[in-house]
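What you see is a predicted model, and the numbers here were worked out from it, not measured in a lab. Throughout, residue positions are numbered sequentially from 1 according to the sequence presented.
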Amino acid sequence: ISPLSVKALLALLYEGTASRSETERELLQALSGGNDQTVSKLQTDLLQYKQQQQNLLITDRIFHDVSVTIMQKYHSIIVARYNASTEVVDFQDTVAAAAQINEWIAYNTRGNIQNIIKPDTLHDALMLLINTIYFKGSWSIPFPTNATVERPFYTGKRSTASRFGIVPRTVPYMKQRERIFYYKHSDELSAQFLRLPYDKNQLSMIVVLPDEQVSLGQLLSGLTPQSVHQALADMNEEEVEIELPRFSITYSSSMRECLQQLGISRVFSDQAELPLISRGRTTPLKVSTILQKSCILVDEQGTEASAATEGTLVFTILNQPIKFIANRPFLFLIYDEGKGNWLFAGKVEDPQV
């Protein structure tokens, strides 16, 4: 999922809420802990991301039924502050509506996300918020393609005949040797943290690998913002021997249930207070669902190592390198170190699914 993108959609709703309403309070609390300055920073960051149009593509659109008239002021606000857009859809014709929305999603993800919206998800819809995010980064220290090897990956499927008690499957592993990376073993979380920088935008992937005796579920249940930030703050430059499987993930999900768990419920109900979006309705305007479509590709590709990265070569053999071998389910986070935004959070339980 993309935490940043979920925030973008919540901010679009926040702009349409009644002042000092319960809907506004719920959205602001989830967005920023009640600090509206955070919303201003989010607007600035989103506009900058959307202007880049290189390796990170973010788009937001509100699809609304023909029975809903979007107020011009609201439309102007979301265009100016978020570079978002609205589109009218006849949700009564669910097949045509699904095709219309899927075409937009495919176009904005360079064809990587296809046919996600099913007609039966659009029954009784009035307003649908959709975010798409597509990311394909180039490593600042690319993995040499001639070093990629096939190795077993121990998925979460149980078996009695393997090292971790789980079924191995053979997948391609990218490898790095004799390079310096930021690394930390967190005793608190019983996990290794590895930072893999990208070559643009101050972005990096943080790979979190639970220790062999710790499951991914156990790691996730103990994870807190504080423990993650502490591990990142404690990272040191180390020589790390890396084996990381290639993987690509296309994921779609309704965010409704998890947003309700975060305390956002009113906007989905008949008590939703969204007068700035549309007025003069006999039935209340509420959000049918919030969908996120994300796509991420992780492979060896990257720009050639420049003079600046040549300094990361290691010529000593005095110390054994730290081994980071991701041959079991792991967590990854993509972090914008310049802006302090989490662009992605995901788990890899099977690299080839």
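- Between Phe153 and Tyr173 there is a side-chain heavy-atom pair separated by less than 4.5 Å.
- In this structure, Glu349 contributes its side chain and Arg328 its backbone to no donor-acceptor pair below 3.5 Å.
- The closest donor-acceptor contact from the side chain of Asn102 to the backbone of Ile117 lies under 3.5 Å.
- Side-chain atoms of Phe330 and Phe324, non-hydrogen and from C-beta on, never get closer than 4.5 Å to each other.
- Side-chain contact annotation: Glu188 with Gln226, donor-acceptor N/O pair under 3.5 Å absent.
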| task | Show the numbers, then the answer: is there a side-chain contact (heavy atoms from CB on, under 4.5 Å) between Val171 and Phe247? | result | CA-CA 9 Å; Val171 301; Phe247 64 91; over 6 Å; no
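- In this structure, the side chains of Thr17 and Leu276 stay at 4.5 Å or more apart for every pair of heavy atoms.
- For Glu87 and Gln100, the side-chain atoms include at least one donor-acceptor pair closer than 3.5 Å.
- Enclosure of atom CG in Asp124 is not indicated, since only 12 or fewer non-hydrogen atoms of other residues, nucleotides or ligands lie within 6.0 angstrom.
- Summarising the geometry of Arg61 relative to Ser85, their closest heavy-atom pair is NE-OG, 2.7 Å, with the distance given to 0.1 Å.
- Side-chain atoms of Ser76 and Gln72 include a donor-acceptor pair closer than 3.5 Å.
- Between His185 and Glu238, every side-chain heavy-atom pair lies at or beyond the 4.5 Å cut-off.
- A 4.5 Å side-chain heavy-atom check between Glu26 and Leu13 finds every atom pair outside the cut-off.
- Glu273 and Glu22 get closest at one heavy-atom pair: OE1-N, 3.5 Å.
- The one candidate from Ile277, Thr86, Val68 that meets the side chain to side chain contact (heavy atoms under 4.5 Å, CB included) condition with Met127 is Ile277.
- The number of heavy-atom neighbours closer than 6.0 Å to CZ of Phe268, taken from other residues, nucleotides and ligands shown, is above 12.
- A distance of 8.0 Å separates CG of Asn146 from OG1 of Thr148, quoted to the nearest 0.5 Å.
- In this structure, Leu196 and Ile242 have side chains that are in contact, with non-hydrogen atoms separated by less than 4.5 Å.
- Using a 4.5 Å heavy-atom cutoff, the side chains of Gln192 and Ile322 are in contact.
- Side-chain N/O atoms of Glu15 and Tyr74 include no donor and acceptor closer than 3.5 Å.
- When every heavy atom of Leu219 is checked against every heavy atom of Val208, the shortest pair comes out as CD2-CG1, 3.8 Å.
- For the side chain to side chain contact (heavy atoms under 4.5 Å, CB included) test with Val6, the passing option among Asn131, Leu259, Leu262, Leu31 is Leu259; the others fail.
- Side-chain N or O atoms of Arg266 include none that pairs as donor or acceptor with a backbone N or O of Arg25 at under 3.5 Å.
- In this structure, Glu243 and Asn327 have side chains that are not in contact, with every pair of non-hydrogen atoms separated by 4.5 Å or more.
- Listed here is the closest heavy atom pair of Met71 and Pro275: SD-O, 3.4 Å.
- Contact between Ala125 and Ser288 at its shortest, heavy atoms only, is CA-OG, 3.3 Å.
- Taking the charged nitrogens against the carboxylate oxygens, Glu150 and Arg169 have no contact shorter than 4.0 Å, which rules out a salt bridge.
- The aromatic rings of Tyr198 and Trp139 sit parallel to each other, their planes meeting at less than 30°, with 60° as the upper class boundary.
- Considering all non-hydrogen atoms of both residues, Leu285 and Ala272 come closest at O-CB, 3.5 Å.
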